[in-house]
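Beneath this line is the structure, given in structure tokens, with notes to follow.
All values reported here derive from a predicted model rather than from experimental measurement. By convention in this document, chain letters (A, B, ...) are assigned in the order of the sequence lines, proteins followed by strands, and residues within each chain are numbered from 1.
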Amino acid sequence: MHIKKTIRDLIAASAERARASGALAFETMPAFEVEATKHAEHGDLATNLALILAKQAKQPPRQVAQAIIDHLTAPEGMLLKMEIAGPGFINFFIADAYWYKVIAEIHRMGTAYGNSNLGFGVKVQVEFVSANPTGPLHIGHGRGAALGDALANLLAATGHTVEREYYINDVGNQILTLGKSLYFRLRELGGEAVEFPADGYQGDYMKDLARDYLAAGHAAPGPEPHADDLVRLGRYAGDVILDEIKRDLKDFGVRFDHWFSESELYRQGLVDQGFARLQELGYLYEQDGALWFKATAFGDEKDRVVRRSNGATTYFASDVAYHLDKFQRGYNLVVDIWGADHHGYVPRLQAVAQALGFTGRLQVILVQLVSLLRQGEPVAMTTRGGTFVTLREVMDEVGKDAARFIFLTRRPDAHLEFDLEVAKQQSNDNPVYYVQYAHARLASVFRQAGAQGIERQSLDPARFLRLTLPEELSILKMLANYPELVEGAARNLEPHRITYFLTELAAQLHSYYYKHRFISDDVELTQARFWLVSGVKTVLAHGLGVLGVEAPETM
RNA sequence: GCGCCUGUAGCUCAGGGGACAGAGCAACGGACUUCUAAUCCGUCGGUCGGAGGUUCGAAUCCUCCCAGGCGCGCCA
């Protein structure tokens, strides 16, 4: 029951009829809006078609609107009335009875209400987090994790075939640096006073790692270590850290289908394949002993080195290979979620996508950094410097659900201030509990009713006529609009729309609950309300599911 | 210097061509013998950073300026 689509079709058909009858003259049907109104006096839906068509039709907007109304025929009982308003909007007032249908619809679909086949046959990959295994996940990674996971859920709910991937940078200098860091911590444990390298990873986790290394029975390295020894230490540390990252993500409720190693690109010869492909297309050239990708041919500000004059390939070369591989795996859309500090990297990667012939199939979502505060004071966060708050700490302090909800209450491209003290202090006023409470409250109502021997009886649409309160109609409309909202969120890759919807639905439910009793002596009314609020419960659970937040039966 | 993101109520943020700009928190005043008060009801609070422009219509699009954040390697 996509009401907007239904109305849109009616409007379009009406305009065509008006043209056929000569009441309206226009060449082509322009794009027009059918929007939910902000104010009740404007009805339920409004269109701006008359305003847009006025110029073409050479008639005043309100006159065009009248012509559309005159030629519009809606199904019996659907429309209460239509009004021309303001400069030429047409407002549609939907009959109450129409909204009751949503209850049966939710009943029919069950927990799948809100799902759709929007993305049928579309294969999407969401790559997110992909933090280097050189330290624990911090709060910024948490934001990316929550977003990527919710986005993948959202796309799956709308019928896309979704795969979640984590890209592991396990090639290059950082392994050596990691090994060096471990090495120095080991020597410290051996009682030596060594000067820790400035470019080392200074966090305390490296000290723990060193202790664990010895505890596991590994021999401490001697002085003057060979580079191979450092690399081995680096790999060891990387593996341990990656295991920890996996554990953190699992506990954060985030699941991945693939963990893709950068080293795999080399093992499989994909980097050379990438070079060969670009070479073949004429987008590689040599200069100053280095190999360059002609990124400027696709709007990047400068060409980019893929192989340095010393023969080493760059990080960018890996990404060329990695994305070529992604596209060859047949994804219609590849979504990369990155921290905003990598934004300068977007044009060159888009250039690669274009060069390889996959224009428009790569979408990079930049997640702005989280500025972490503790009682209003900024906390500097650097992995290398070792001062940061880990995702683990945040989970422990404010809980998985609260953290995820907070992350998903902001647009990705907006800076996020996360004050730990505030998040803790306000944990009871946190919007996540507000929404969860609505769900638990309804569960409680049904438990209470059950205890009184009152069960929800079979669906009888005639009873819904008893739902006449403004609160009830308002809730019905929200429920009816939910599937479209989910589709819109998916289309725009914006999970936060779900968050806002849920908060609003919970608000309406709480208000309704407070003013009116669901369980009463009036059997018919009780049944009608049961059916209504069980629809609310279903939708709350669905939305929370998309966000990866629990929908508790009791709180 | 150049580029990207941001600037909306005291604070944190939605809204991103459409009708009188919204929510939460904070502040203030009310509501529990009641299906869960982690709730509800009300009050207060905004020249949408500034100036021009486009449009029937601009918080929203364009230009310039101001402020904050982040980038600008043959690093990863």
Pick base, sugar-phosphate or nothing for [X], based on heavy-atom distances below 4.0 Å to the nucleic acid.
X         : value
Leu291(A) : nothing
Tyr513(A) : base
Ala290(A) : base
Val306(A) : nothing
Ala443(A) : nothing
Asn169(A) : nothing
His516(A) : base
Asp419(A) : nothing
Ala46(A)  : base
His42(A)  : base
Glu553(A) : base
Glu301(A) : sugar-phosphate
Ala440(A) : base

Identify, with sequence neighbours excluded, every residue that meets ring pair (Phe, Tyr, Trp, His ring centres under 6.0 Å) alongside [X].
X         : answer
His516(A) : Tyr512(A)
Tyr166(A) : Phe256(A), Trp259(A)
Phe89(A)  : none
Tyr183(A) : none

**Message:** Stem finding on RNA chain B, please: runs of three or more consecutive Watson-Crick or G-U wobble pairs, both distances under 3.5 Å, sorted by first number.
**Reply:** B:1-7 with B:66-72, B:10-13 with B:22-25, B:27-31 with B:39-43, B:49-53 with B:61-65
At under 4.0 Å, does any side-chain N or O of [X] touch on OP1 or OP2 of [N]?
X         : N      : answer
Tyr433(A) : A38(B) : no
Arg308(A) : A76(B) : yes
Arg411(A) : C5(B)  : no

What I want to check is whether an N or O donor and acceptor connect the side chain of [X] with the base of [N] at under 3.5 Å.
X         : N      : answer
Glu41(A)  : C20(B) : yes
His343(A) : C70(B) : yes
Thr314(A) : C74(B) : no
Asn91(A)  : A19(B) : yes

**Complete:** Here the side chain to side chain donor-acceptor pair (under 3.5 Å) pairs for residues 299-309 of chain A, sequence neighbours left out, are Tyr285(A)-Asp303(A), Thr296(A)-Asp303(A), Asp300(A)-Arg304(A)
**Request:** Return each pair, listed once, that meets side chain to side chain donor-acceptor pair (under 3.5 Å) where at least one residue sits in residues 490-509 of chain A; pairs must be two or more places apart or across chains.
**Result:**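 Qualifying pairs: Ser474(A)-Gln508(A), Glu494(A)-Arg497(A), Glu504(A)-Gln508(A).
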Can you tell me how far [atom1] in [N] sits from the matching atom in [M], rounded to whole Å?
N      : M      : atom1 : value
G45(B) : A9(B)  : C1'   : 6 Å
U8(B)  : A58(B) : C1'   : 14 Å
U47(B) : C72(B) : C1'   : 37 Å
G18(B) : C25(B) : C1'   : 31 Å
G57(B) : C4(B)  : P     : 29 Å
U55(B) : G49(B) : P     : 23 Å

Taking atom types as modelled and ignoring hydrogens, do the side chains of [X] and [Y] form a donor-acceptor contact shorter than 3.5 angstrom?
X         : Y         : answer
Ser318(A) : Tyr266(A) : yes
His510(A) : Arg441(A) : yes
Asn132(A) : Gln174(A) : yes
Asp336(A) : Gln363(A) : no

Contacts under 3.5 Å, N or O only, protein and nucleotides 41-46 of chain B:
from	atom 1	to	atom 2	distance (Å)
C41(B)	OP1	Ser511(A)	OG	2.8

**Asked** Any idea how Tyr345(A) and Phe316(A) line up, ring-wise: parallel (<30°), tilted (30 to 60°), or perpendicular (>60°)?
**Response** perpendicular
**Asked** What class does the angle between the rings of Trp531(A) and Phe464(A) fall in, given that below 30° is parallel, 30 to 60° is tilted and above 60° is perpendicular?
**Response**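 It falls in the perpendicular class, over 60°.
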**Request:** Using the ring pair (Phe, Tyr, Trp, His ring centres under 6.0 Å) rule, collect all pairs that involve residues 24-52 of chain A, keeping only residues at least two apart or in two chains.
**Result:** His39(A)-His42(A)
**Message:** Go nucleotide by nucleotide along RNA chain B from the 5' end; which of Asp413(A) and Tyr345(A) gets its closest nucleotide reached first?
**Reply:** Asp413(A)
**Request:** For Trp292(A) and for Leu369(A), locate the closest nucleotide of RNA chain B by heavy-atom distance; then report the residue assigned to the nucleotide nearer the 5' terminus.
**Result:**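 By nearest-heavy-atom nucleotide position, the 5'-most residue is Leu369(A).
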**Request:** Decide, applying a 5.5 Å centre-distance limit and a 30° plane-angle limit (both strict), whether Tyr434(A) stacks on A38(B).
**Result:**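 Check failed, Tyr434(A) does not stack on base of A38(B).
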**Prompt:** According to the 5.5 Å centroid and 30° plane-angle thresholds, does His39(A) stack upon the nucleobase of A19(B)?
**Reply:**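 A stacking contact does not exist, since His39(A) is not both close and nearly parallel to the base ring of A19(B).
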**Asked** Within 45° of the ring axis of Tyr283(A) and under 6.0 Å from its six-membered ring centre, is that where the NZ or CZ of Lys294(A) lies?
**Response**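 Pair Lys294(A)/Tyr283(A) does not count as cation-pi.
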**Asked** Considering only heavy atoms, which members of residues 231-242 of chain A lie under 4.0 Å from some atom of RNA chain B?
**Response** none
**Prompt:** Listed in order of residue number, which residues of residues 494-503 of chain A have a non-hydrogen atom at under 4.0 Å from RNA chain B?
**Reply:**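 His496(A), Tyr500(A), in order of number.
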**Where at least one partner belongs to residues 44-53 of chain A, residue pairs that pass salt bridge (charged side-chain N to carboxylate O under 4.0 Å, His left out), sequence neighbours excluded** = Asp44(A)-Lys477(A)
**Asked** Are Phe530(A) and Phe518(A) close enough that their ring centers fall under 6.0 Å?
**Response** no
